[in-house]
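These notes concern the structure reproduced below.
What you see below is based on every heavy atom in this structure, not just the backbone, and it leaves out hydrogens, waters and symmetry mates. A note on names: the letters A, B, ... follow the listed sequences, proteins ahead of strands, and every chain is numbered from 1.
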There are 2 protein chains.
Amino acid sequence: MAADALSRVFAALADPTRRDMVARLTLADATVNELAAPYDISLQAVSKHVRVLADAGLVTRSRSAQRRPVHLEAEVFDLMTAWLERYRRAAEERYRRLDDVLASLPDDDPTPSAGGNRP
Amino acid sequence: MAADALSRVFAALADPTRRDMVARLTLADATVNELAAPYDISLQAVSKHVRVLADAGLVTRSRSAQRRPVHLEAEVFDLMTAWLERYRRAAEERYRRLDDVLASLPDDDPTPSAGGNRP
DNA sequence: GTCGTACTCAACCGGTTGGTTGAGCACGGA
DNA sequence: TCCGTGCTCAACCAACCGGTTGAGTACGAC
């Protein structure tokens, strides 16, 4: 099971509907009803999606009257950014090291598909 | 279904075993056998994990003799970073803007949801 | 050829997920 | 006090996921 925090966050964002919700929540807090409006699924399904986001720490709930507005939490993004940045940098460094190796070789590299061109 | 690229990437990284594989692949390419070594699961299961990573575009395969080394691709990290950074920044900006709003708002009713839009 | 190594494909299994419907709770307003 | 609105809980279902085992393929070595 995806017990750890990072797994829950990644899993939560693996669903396009939930990513769309997150995108809209960056603009303003919203109720479950408001969140549900654009989608062709039941309110209960939306409620479940919100719960997944909340369990991942991506959003928090409050209560004002009958409404329970959903609020996006920015902090969890930092967690992901930290993980991503760490390995992205490592991967790129390794890639750069490969350039060194290739540069020291006599032949050239006529395959643009594999590498892309990283200046 | 999670057909789009971003969903596949997030889903692939939602598994701690696969994240660990990615972490180790930042150090060096590895074969399926090498990748499988630390884990207490079958080789076939590891092979499946590698396939998920490959389908997400996180790794590529090649063939040298019987070996099919797995190579980490850095480009997909850029895709995630772009998504993340976009919404992280938006969320933080909104947080900052909240101060402004609270300072300037007297009173307001911006959500007439009960009255009009219930299809 | 035959063998060993390094995988992959296929079928299966239990648990999780995304969706449904129906019932029920919490709260404010008439 | 009852009603309507907003939301959640519970049960169910089909599909998917991570794992297994067993068989099969690709390739180099002998």
- Which parts of residues 46-53 of chain A get close to DNA chain C, meaning a heavy atom less than 4.0 angstrom away? A/Lys48, A/His49
- Query: A/Ser42 side chain: which of C/dT8, C/dT21, D/dT20 is closest?
  - Reply: C/dT21
- Task: Please evaluate the base of C/dG22 for a donor-acceptor partner in the side chain of A/Gln44 within a cut-off of under 3.5 Å?
- Result: yes
- Item | Nearest-Å distance for atom pair CG/P, residues B/Leu35 and C/dA6 | 14 Å
- Query: How long is the gap from CZ on A/Phe10 to CG on A/Leu79, to the nearest 0.5 Å?
  - Reply: 8.0 Å
- Shortest non-hydrogen contact from A/Leu43 to A/Asn33? CD1-OD1, 3.4 Å
- Message: Expressed as a whole number of angstroms, how long is the span from B/Leu43:CG to D/dA23:C1'?
- Response: 15 Å
- Query: The side chain of B/Ile41 lies closest to which of these nucleotides: D/dT8, D/dG19, C/dT20?
  - Reply: D/dG19
- Looking only at D/dT8, D/dT20, C/dT8, the nucleotide nearest the B/Ala45 side chain is D/dT20
- Message: As a test of understanding, state which of B/Val76, B/Asp55, B/Leu53 forms a side chain to side chain contact (heavy atoms under 4.5 Å, CB included) with B/Val9.
- Response: B/Val76
- Note on the structure: Ranking C/dG18, D/dG19, C/dT8 by distance to the side chain of A/Arg18, first place goes to C/dG18
- Task: Considering just the side-chain nitrogens and oxygens of A/Asn33, establish if one lies under 4.0 Å of OP1 or OP2 belonging to D/dC7.
- Result: yes
- Residues passing the salt bridge (Lys or Arg N to Asp or Glu O under 4.0 Å) test with A/Arg19, sequence neighbours excluded, are B/Asp4
- Message: What's A/Thr31 touching, base or sugar-phosphate or nothing? Going by heavy atoms closer than 4.0 Å.
- Response: sugar-phosphate
- Distance, rounded to the nearest Å, where A/Tyr39 contributes OH and C/dG18 contributes P: 14 Å
- Which of A/Leu58, A/Leu35, A/Leu25 passes side chain to side chain contact (heavy atoms under 4.5 Å, CB included) with A/Val50? It is A/Leu35
- Item | From CZ (B/Arg86) to OG1 (B/Thr81), nearest 0.5 Å | 14.5 Å
- Message: Please give me the minimum heavy-atom distance between A/Asp29 and A/Glu34, naming the atom from each residue.
- Response: O-OE1, 4.3 Å
- Task: Among C/dG18, D/dT8, C/dT20, find the nucleotide with the atom closest to the side chain of A/Arg68.
- Result: D/dT8
